[in-house]
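To start, the structure under review is shown below, and the notes come after it.
Note that these values count all heavy atoms, side chains included, but never hydrogens, waters or copies made by symmetry. First listed ligand is number 1; within each ligand, the first listed atom is number 1.
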Amino acid sequence: MSQKPQQDVFEERYLRFISGLGKGNFGSVELCRYDPWGDDTGELVAVKELQSNKQATTADFQREIQTISSLHCDYIVKYKGICYSAGRLSTKLVMEYLPHGSLIGYMEKHRSGVCTNRLLLFASQICKGMEYLQSMRYVHRDLAARNILVASNTLVKIADFGLSKIIPVDKEYYRVTQPGESPIFWYAPESISELKFSHKSDVWSFGVVLHELFSLCDISQNPKRLCIQKIGSYVQSASMAIQLLNLLKENWRLPAPSQCPPKVHSVMMQCWEFNGENRPSFSSLKDLIENCITD
Ligand SMILES: CCc1cc(O)ccc1-c1ccc2c(C(=O)Nc3ccc(C)nc3)n[nH]c2c1
C-alpha cells in the first residue's frame, strides 16, 4: 500500500510576496517566491488565499484543495501545497507558477506567431487533461480559455478547480443546487436548463474553447459577445439564459471563426450536439483533433 503523499506545508515566513497575478477568474492570486534560504534562489509559486468576503466557504476551499491535490497530470496545473497563515486564520493554496499566464493573455501577445498546428497542439493537450479529469470522475464545469494556463510556447495546462465536482459513482451527472455566477455562454443546453453537469457538458465547453483558440482569443469574437449580439436581435422578454437556450434549440451555434479549417469547425459542431449522448468523448476528441494536424 503506497504511503499517501505527505501534503506539503509551506511556512508563511519564507513565502515572499512579489506581485499580484490578477483578480481574474481564480480569485486573488499572488506571485510569491518560497525562499527558505533568504537568497532569492527559492522557487516562484502562485498562491491563492481564501477570500473571507467571497461567497466561497471554507468547505469550498477545502474541497478545492482536496480536488487539486489528488490530480497528477502533465496537462493539469500542479498542486504544491498549502500555507497556514498566522494563527491559522486562513489557508493559502500553493500552486506551480506558469510564467505566461492565461491563454487569453498569451494570445494577446503572441497571436501573430501562432499557427494552426500550434492551436491543435494546445487543443490536444487540453483534451488529454480533460480525459484524465474524466478518468478521476471529475467534472470541471468551467472549462474556458480564461482557465487554461500557458507553461511554454508548446505547453498549456488546465487550471482552476474552484467549481469542479466529483460525480457520484452511481450517477452520470452532477446537478448543482444554486447557479452562482454562471458562465452560461460556455454551458451546454442541459446545464443552462437543468443545471446538469457531466463529462458531456465539459465536452460542449471544450467546443467553445476550440472556438476561442481558433478566434485567437480575439475579444471581438468572444463567445459571450457573439451570443449577446445574436440575442440582441432576437426579440424576447425572457432572461438571457432562456433566450440563449431557445437559440440553441433552433440550432443556432457560434459562427465558424475566420480562417478556421473546415475539419476543426466540424469538431466544434460535434461538441455542440444538442443531445449530450451524441457528443464525442474526450478520448475520441483527441483523435479527431490529431487528425486535423497537417504535415
Ligand atoms: C493558485 C490559484 C490556482 C488555483 C487552482 O485551483 C488552480 C490553478 C491556480 C493558478 C492560477 C493562476 C496561476 C498562474 C498565473 O496566473 N501566472 C501568470 C503568469 C504571467 C502573467 C502575466 N499572469 C499570470 N500561474 N500559476 C497559477 C495557478
For this session: Could you tell me which residues satisfy ring pair (Phe, Tyr, Trp, His ring centres under 6.0 Å) with Phe10, sequence neighbours excluded, listed by chain and number?
Result: Tyr34
For this session: Compare Ile158, Leu98, Val47 and give the one whose heavy atom is closest to atom 17 (N) of ligand 1.
Result: Leu98
For this session: Any atoms of ligand 1 less than 4.0 Å from a non-hydrogen atom of Lys48? List them with their elements.
Result: 1 (C), 2 (C)
For this session: Check the side chains of Gln270 and Ser266 for a donor-acceptor pair under 3.5 angstrom, ignoring hydrogens and angles.
Result: yes
Exercise. Short list, please: which atoms of ligand 1 are under 4.0 Å from a heavy atom of Ala46?
Worked result: 1 (C), 13 (C), 25 (N), 26 (N), 27 (C), 28 (C)
For this session: Decide whether an N or O pair under 3.5 Å exists between Glu96 and ligand 1.
Result: yes
Problem set entry | Part of Val94 within contact of ligand 1 (heavy atoms, under 4.0 Å) | neither
For this session: State whether a side-chain donor-acceptor pair under 3.5 Å links Tyr138 with Ser70.
Result: yes
Exercise. Looking at Pro99, which atoms of ligand 1 are within less than 4.0 Å of one of its heavy atoms?
Worked result: 19 (C), 20 (C)
Exercise. Parallel, tilted or perpendicular: which describes the rings of Trp272 and His211, with under 30° parallel and over 60° perpendicular?
Worked result: tilted
Exercise. Trp186 ring centre to Arg146 NZ or CZ under 6.0 Å, with the angle to the axis within 45°?
Worked result: yes
Exercise. Who passes ring pair (Phe, Tyr, Trp, His ring centres under 6.0 Å) against Phe197, sequence neighbours left out?
Worked result: Tyr187
For this session: Using a strict 4.0 Å cut-off to heavy atoms of Leu93, name the atoms of ligand 1 that fall inside it.
Result: 4 (C), 6 (O)
